Number of protein chains: 4
Amino acid sequence: MASYQPTKNDRFAFGLWTIMNTGRDPFGMETRSTMNGLDVISELGRRHVYAFELHAEDLVPADASASDRDRILAEARRRMADENIVCVNCGANVFSHPVFKDGALTSHDPKVRQLAMQRYLNAIDIGRELGCNLCDLWWGRDGAEVDAAKNPIEAYKWLREGLNYLQGYIDKQGYIGHRLAIEPKPNEPRGDTYLPTVGHALGLIATLDKPENCGLVVEIAHSRMAGLNAYHDLAQPLESGKLFGCHLNGQKPLRYDQDLRFGAEDLKESFFVVKLLEDHMWDGPRTFDAHAYRTADRDEVWDFVEGCMRTYLLLKEKVRRFNADPEIQAILKDLRSGSAEKLPTYEDLQKASFDWDALARRKLHHERLDQLTQELLLGVG
Amino acid sequence: MASYQPTKNDRFAFGLWTIMNTGRDPFGMETRSTMNGLDVISELGRRHVYAFELHAEDLVPADASASDRDRILAEARRRMADENIVCVNCGANVFSHPVFKDGALTSHDPKVRQLAMQRYLNAIDIGRELGCNLCDLWWGRDGAEVDAAKNPIEAYKWLREGLNYLQGYIDKQGYIGHRLAIEPKPNEPRGDTYLPTVGHALGLIATLDKPENCGLVVEIAHSRMAGLNAYHDLAQPLESGKLFGCHLNGQKPLRYDQDLRFGAEDLKESFFVVKLLEDHMWDGPRTFDAHAYRTADRDEVWDFVEGCMRTYLLLKEKVRRFNADPEIQAILKDLRSGSAEKLPTYEDLQKASFDWDALARRKLHHERLDQLTQELLLGVG
Amino acid sequence: MASYQPTKNDRFAFGLWTIMNTGRDPFGMETRSTMNGLDVISELGRRHVYAFELHAEDLVPADASASDRDRILAEARRRMADENIVCVNCGANVFSHPVFKDGALTSHDPKVRQLAMQRYLNAIDIGRELGCNLCDLWWGRDGAEVDAAKNPIEAYKWLREGLNYLQGYIDKQGYIGHRLAIEPKPNEPRGDTYLPTVGHALGLIATLDKPENCGLVVEIAHSRMAGLNAYHDLAQPLESGKLFGCHLNGQKPLRYDQDLRFGAEDLKESFFVVKLLEDHMWDGPRTFDAHAYRTADRDEVWDFVEGCMRTYLLLKEKVRRFNADPEIQAILKDLRSGSAEKLPTYEDLQKASFDWDALARRKLHHERLDQLTQELLLGVG
Amino acid sequence: MASYQPTKNDRFAFGLWTIMNTGRDPFGMETRSTMNGLDVISELGRRHVYAFELHAEDLVPADASASDRDRILAEARRRMADENIVCVNCGANVFSHPVFKDGALTSHDPKVRQLAMQRYLNAIDIGRELGCNLCDLWWGRDGAEVDAAKNPIEAYKWLREGLNYLQGYIDKQGYIGHRLAIEPKPNEPRGDTYLPTVGHALGLIATLDKPENCGLVVEIAHSRMAGLNAYHDLAQPLESGKLFGCHLNGQKPLRYDQDLRFGAEDLKESFFVVKLLEDHMWDGPRTFDAHAYRTADRDEVWDFVEGCMRTYLLLKEKVRRFNADPEIQAILKDLRSGSAEKLPTYEDLQKASFDWDALARRKLHHERLDQLTQELLLGVG
């Protein structure tokens with residue numbers, strides 16, 4: 001009998017920014033106070049969260065002195081040790097300040113591109129000091145509303161140049177095992193982002209100097225903002241060894257970025273996401289990148305935190321039952337019978353004749369299988 | 001003064017299926033007769049169309065005898081010579097017959113996968129006999145509504161296996177210069193297609209045995225069905241040498257596949273598509289993959305054909321003016337001044353200090369530039 | 001303990017066309033045979049279905065002779081009596097034949113508008129003979145891709161004229177209790193339909209000669225195709241006495257019309273739909289308007305039928321538990337405490353002073369409440 | 001020859017908030033300073049803008065003393081007289097402060113609903129003092145993410161009660177000619193707004209005590225956020241006398257609220273919007289509700305302002321040409337020939353026989369007509 005209480009072994013993680021969120025939106029002011037990043041680390045650790053992610057600036061302000069920086073990082077490490085929580089990703093905030101208003105890595109202004117690079121070098125260093133080995137790049141503003149202003153071909157070159165430059169730094173520093181990841185998003189805050197989907201990021205990665213060292217952080221909400229199937233969007237990079245991280249949350253398709261509690265929308269897709277990660281024993285942290293509703297106060301943020309983890313565990317138990325369900329497994333066995341058969345030689349294939357109509361009559365049981373899945377999710381039978 | 005009359009030098013192409021379309025849709029019957037593929041070739045050629053694309057089955061029925069096949073192809077070649085029209089792409093129809101109801105390359109049934117492969121070998125052969133060197137794969141039904149039924153990871157492996165198998169055939173036959181292309185689409189007729197966007201296809205291609213021989217056919221409507229920017233979607237493969245073909249048409253974003261006349265929706269995006277192809281002197285055919293409205297009769301199909309080509313030429317002239325417009329070019333020069341500056345050494349960058357606020361104040365002229373673009377499109381000033 | 005077996009008392013209904021569907025789509029041929037409408041009636045009745053809906057043409061071809069018509073209707077009534085199944089809605093098919101290619105009630109051609117009206121008069125008569133008192137109008141093709149061609153203002157006038165004309169016929173015939181309903185849909189098969197949502201239909205109804213006699217048939221999938229909340233879309237007409245029928249099904253938002261099994265997408269929204277109908281004891285039939293996946297064969301269509309009804313019953317039991325759940329009800333009681341307080345006089349209100357910050361601090365429990373709902377749906381706790 | 005320079009006679013208007021916008025968004029800080037509302041009035045007036053709209057709070061802070069309030073309004077009137085600019089709409093800001101975090105008119109808390117009402121009474125009074133006769137209600141936060149928390153049926157009752165209460169105040173005060181308008185929006189900042197579209201608002205209005213005194217302010221971007229055709233969305237209320245205001249802007253469909261310069265997206269739809277207002281000689285102000293790109297600085301906001309007006313004038317000239325174009329008008333005449341024919345008596349209609357196939361063959365010229373429209377927009381021919 002599953003208890004649905006999170007433990008460190010569940011490897012749950014949260015972005016610091018998710019707890020620090022104040023509820024500000026384009027049409028309204030903060031509805032709750034923010035929280036100090038160091039306190040977030042401690043509190044997450046106490047709540048059995050395994051790890052956190054951060055933008056370096058969530059802890060260390062961009063204009064902090066060297067000594068302030070070191071003091072903050074020392075304090076962070078102390079808190080991490082006290083509450084047995086680790087850091088799994090440190091990126092940079094290159095989207096909030098007006099200097100990045102037309103992009104970071106793809107700004108026309110070389111000084112802005114350099115400033116963004118400086119922030120990323122800083123993030124890699126800080127991540128290193130906090131013991132993590134991933135730098136996730138969500139550059140948010142690298143996109144356009146006015147296509148007359150920028151040639152996307154130039155933008156792709158700058159993105160590639162930037163990623164190669166960061167890789168060179170990792171190599172030069174001898175940061176063994178440190179990796180880069182792209183976190184794509186289709187739009188918002190820009191009209192159209194240059195790498196809008198998981199696929200577009202995979203396409204760019206294939207053209208890097210060291211493609212093997214750059215992967216993806218796939219965020220469910222970002223896939224759903226493009227109307228895509230988040231389960232499929234996690235599966236493609238997983239299949240090719242490119243799933244370096246995941247951001248679990250909820251989102252109604254094709255509208256503004258909602259960043260809802262994991263599972264709050266589309267239980268079935270959420271179930272298949274959990275099934276993918278668990279069935280394939282993916283070894284990364286299960287990171288939640290979302291925030292409490294704007295209607296929540298500071299206390300209720302913890303309801304949001306508990307809800308994310310608990311829903312994951314509930315769905316994980318559903319996965320176990322799905323994999324053990326006799327009727328479901330019988331259908332799957334039938335569907336897959338013979339499916340591993342290999343392709344014949346070209347000569348044999350060209351001579352082969354097929355009974356099209358007989359093949360077309362094969363029963364696929366999709367209605368029954370989907371119904372069984374829904375009933376399993378509903379906890380019946 | 002531009003004449004806007006198409007010539008063979010404009011390298012326009014149409015899919016045979018676009019002219020053969022009868023207006024049938026999920027809620028209604030045919031509104032016009034179909035047309036014989038051979039007659040379509042002749043008529044397109046007469047109308048100054050440079051080339052055509054086809055599914056092999058558009059000309060040669062899947063159950064044609066060997067002699068019928070040869071007779072049809074001979075007749076096609078004769079018509080092509082008579083009207084000075086070439087073939088630039090031959091794919092296979094692996095989506096219409098019920099045998100492909102759950103996919104072609106990703107069917108669980110190995111016989112269905114083999115049948116699809118047989119159709120593609122046939123398409124490559126026929127394409128060869130018609131003088132083309134591209135096999136575009138739109139496999140339409142390789143997707144899912146019921147994620148319980150199929151593991152997408154297995155689907156990606158089948159897609160890879162299939163593409164590698166086809167490449168092996170090209171190599172074995174010594175079909176020098178023949179290439180493969182994926183034509184992605186997010187959904188319809190399946191709930192979610194396995195390679196939903198240009199990016200996802202680029203990602204898979206990077207994992208093929210011979211990635212250099214497989215590229216993309218990018219269709220505007222398919223990008224817009226995912227809410228993506230079609231101009232960006234053409235630019236990314238173009239930048240990395242992967243744009244093997246384009247399908248130009250119109251589409252309201254995020255709804256059923258409309259396949260409207262090129263330019264019928266979103267003149268600005270259509271303009272940037274033309275600008276991309278022309279500015280970069282892309283050397284492929286400008287193929288239109290769309291069809292006349294269901295309200296059009298057989299005669300009006302030719303209005304649709306003329307409209308596609310004429311709008312392209314109108315926009316090409318706008319591109320010329322954009323590139324010659326003093327105010328636009330002055331803004332672009334200002335935006336790009338210094339943009340080619342290289343990244344400094346890591347040491348220099350880490351020591352550099354930036355005046356964030358001064359950099360943030362740089363004027364970007366986006367409102368003015370977009371307004372100038374719109375006015376140029378409107379033919380004012 | 002709920003049995004989840006449908007009974008006549010559950011008042012489930014299906015459209016005849018949902019069972020007759022053959023799986024044909026824009027890219028492929030039929031995957032299963034159709035079924036005679038009379039046999040559908042019998043088979044639905046045997047499966048504990050309470051009622052059916054139809055287009056008159058589903059039973060009686062448009063070109064049937066008077067004697068054929070009468071014979072078919074007599075046979076239908078016999079089958080209805082035999083299997084204890086009633087008819088609850090009879091509309092007309094004014095979308096399949098090419099004559100309606102540019103609309104039925106909004107065709108420019110007055111003869112086409114008259115033909116559509118003739119079909120509706122026929123549908124009202126046939127519905128009367130089958131014992132139903134509703135004529136649902138889904139006119140499908142009343143929309144546009146080319147806004148240059150038709151003035152929407154003229155279209156609204158024709159829609160109003162048509163509805164008034166039909167009402168006049170009902171009155172003239174003395175068809176006591178017979179009512180009209182509009183079934184809105186945003187697009188497909190037309191680029192944009194003239195009454196795209198529930199709201200737009202409500203707006204037009206308010207301008208009819210007898211607005212009290214015309215209401216809505218709300219279809220979940222149609223609301224979701226516009227990205228709207230189907231629960232809200234059912235609630236608004238219910239609140240104003242305008243919910244004359246509902247079409248329950250499933251749909252991924254903002255894509256082609258999928259018509260999936262009820263509950264197949266978005267369990268939470270489906271739950272609230274059931275909760276609305278049950279809590280408010282809405283007395284209409286629970287009609288399913290969907291069809292089996294194209295991958296289903298003729299037998300599997302019945303899996304689809306069973307699934308729709310079973311999921312409704314499962315969710316109805318969840319509603320009972322939600323309404324009995326102590327923690328959920330305690331939160332709702334807290335949220336609603338004082339909510340019925342009336343607005344003061346204008347003088348009192350203008351003098352009143354409010355403690356904005358104190359009011360802003362009121363706890364809303366949304367994270368907890370949504371999590372409890374999800375866990376109830378998942379069958380935990 | 002049109003000059004495209006705005007004059008007071010063009011009746012252009014802007015919301016004060018559109019100029020005051022600072023570029024803040026969910027992911028970033030202000031990129032430009034704000035501007036005092038009084039200065040906006042003066043500057044708009046100087047630039048030949050006919051009128052402005054406002055939220056009362058744009059000029060008079062919610063906590064202003066009575067004397068400050070009177071002083072500000074006196075100053076506003078002085079500026080209005082100086083620059084010959086009038087006020088055409090005054091609403092209330094009931095969305096920015098956290099007190100409205102779960103809605104204004106639909107908050108569970110009666111004190112919050114009363115506070116919102118107090119703000120609206122204030123807005124009506126201030127509007128009166130500024131000489132306008134419209135109170136536009138965009139209540140922004142009246143929606144939900146958590147449907148468990150609030151019954152939409154209750155929400156509709158509160159919205160109705162609130163509108164009736166405001167109408168009662170207008171009557172009691174004897175504010176002759178003052179009217180109310182609803183400005184619907186589908187989502188953002190709430191997951192789902194209770195009156196998401198123009199239609200839903202029309203539906204609610206029909207149930208008010210004085211429906212004739214409440215209408216719509218239709219915003220193009222809000223229609224496009226629901227994937228709807230903004231031209232149709234303006235036409236329906238115009239046809240029934242319910243178009244009390246319009247908010248002109250640009251928006252890519254089905255994504256976050258962009259509020260782009262009028263015409264920046266979809267020239268064709270923008271053209272038909274202008275055509276509708278001009279052909280029907282709609283007598284309301286042409287109000288722009290949008291803001292400059294976040295990449296614009298304070299100066300460039302005026303490029304945005306000029307662009308909105310100039311594009312309207314450019315499209316108005318295109319309307320004139322469309323209405324004078326011989327080929328376009330010949331097609332329209334042909335399409336409309338006979339279209340005014342009246343419906344026959346029921347007896348005659350039931351006896352009538354129609355030649356379905358002949359009617360189906362009527363030529364509709366849609367491809368040609370849309371192409372001509374596009375070419376006219378492009379300024380060719």
Side-chain angles (χ1 to χ4, degrees), chain A residues 97-99 101-102 108-112 114-115 117-118 121 146-149 152-153 156 165 169 172 186 192 194 196-197 199-200 202-203 206-207 226-229 231-232 235-236 238-240 254 272 335-336 338-339 341 343-344 346 349-350 352 354 356 359-360 362 364 366 369-370 373, chain B residues 97-99 101-102 108-112 114-115 117-118 121 146-149 152-153 156 165 169 172 186 192 194 196-197 199-200 202-203 206-207 226-229 231-232 235-236 238-240 254 272 335-336 338-339 341 343-344 346 349-350 352 354 356 359-360 362 364 366 369-370 373:
Chain A
H97 192 278
V99 72
K101 66 187 177 184
D102 193 35
H108 274 113
D109 191 326
K111 294 302 179 208
V112 175
Q114 291 168 23
L115 176 54
M117 283 297 149
Q118 197 188 52
L121 298 192
V146 179
D147 277 328
I153 287 192
Y156 299 124
Y165 185 83
Y169 182 71
K172 169 181 160 295
D192 291 290
Y194 284 123
T197 76
H200 294 78
L202 286 174
T207 70
L228 300 177
N229 183 313
Y231 166 48
H232 294 188
Q236 188 176 352
L238 179 61
E239 195 265 340
S240 56
L254 298 161
F272 282 110
L335 282 177
R336 289 177 182 153
S339 75
E341 185 179 323
L343 284 163
Y346 300 112
L349 183 62
Q350 287 178 309
F354 298 95
W356 292 52
L359 287 173
R362 183 156 171 180
L364 297 177
H366 286 174
L369 189 56
D370 192 68
T373 305
Chain B
H97 192 278
V99 72
K101 66 185 177 184
D102 193 34
H108 274 113
D109 191 326
K111 295 301 180 208
V112 174
Q114 290 169 24
L115 175 54
M117 282 297 147
Q118 196 187 53
L121 298 192
V146 179
D147 276 328
I153 287 192
Y156 299 124
Y165 185 83
Y169 182 71
K172 169 180 160 297
D192 291 290
Y194 284 124
T197 76
H200 294 78
L202 286 173
T207 70
L228 300 178
N229 182 312
Y231 166 48
H232 294 189
Q236 189 176 352
L238 178 61
E239 195 266 341
S240 55
L254 297 161
F272 282 110
L335 282 177
R336 290 178 181 151
S339 76
E341 185 179 322
L343 284 163
Y346 299 111
L349 183 63
Q350 287 178 308
F354 298 94
W356 293 51
L359 288 173
R362 184 158 172 179
L364 298 177
H366 286 174
L369 189 55
D370 193 68
T373 306

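Computed from a prediction, not measured in an experiment: that's the story for all the values here. A, B, ... follow the sequence lines: proteins, then strands. Residue 1 opens every chain.
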Q) Partners of D192(A) by salt bridge (charged side-chain N to carboxylate O under 4.0 Å, His left out), sequence neighbours excluded? A)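 So D192(A) forms a salt bridge (charged side-chain N to carboxylate O under 4.0 Å, His left out) with K252(D), R255(D).
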
With a 4.5 angstrom heavy-atom cut-off, which part of [X] approaches chain B: side chain, backbone, both or neither?
X: K111(A); result: both
X: L254(A); result: side chain
X: H366(A); result: both

Value rounded to 0.5 Å, distance of [atom1] in [X] from [atom2] in [Y]:
X: M117(A); Y: L343(B); atom1: CE; atom2: CG; result: 6.0 Å
X: R336(A); Y: D109(B); atom1: CZ; atom2: CG; result: 14.5 Å
X: D102(B); Y: L335(A); atom1: CG; atom2: CG; result: 8.0 Å

Q: Could you tell me which portion of L364(B) (side chain, backbone, both or neither) has an atom closer than 4.5 angstrom to a non-hydrogen atom of chain A?
A: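 Side chain only.
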
(Q) Is Y169(B) in contact with chain A via its backbone, its side chain, both, or neither, using a 4.5 Å heavy-atom distance? (A)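 The answer is both parts of Y169(B).
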
**Q.** For chain A, the option from L369(B), T373(B), L238(B), T207(B) that forms the most heavy-atom pairs under 4.5 Å
**A.**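 When all of L369(B), T373(B), L238(B), T207(B) are compared, L369(B) has the most.
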
Q) Of the listed residues (A148(B), G227(B), A235(B)), which shares the most heavy-atom pairs with chain A below a 4.5 Å separation? A)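 Of A148(B), G227(B), A235(B), A148(B) has the most heavy-atom pairs under 4.5 Å with chain A.
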
Would the distance check show the side chain of [X] and the main-chain N or O of [Y] forming a donor-acceptor pair, the cut-off being under 3.5 Å?
X: Y346(A); Y: Y165(B); value: yes
X: Q236(A); Y: H200(B); value: yes
X: Q118(B); Y: A352(A); value: yes

Q: Would you mind telling me which of V112(A), L228(A), L115(A) has the largest number of heavy-atom pairs within less than 4.5 Å of chain B?
A: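 Option with the top pair count is L115(A).
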
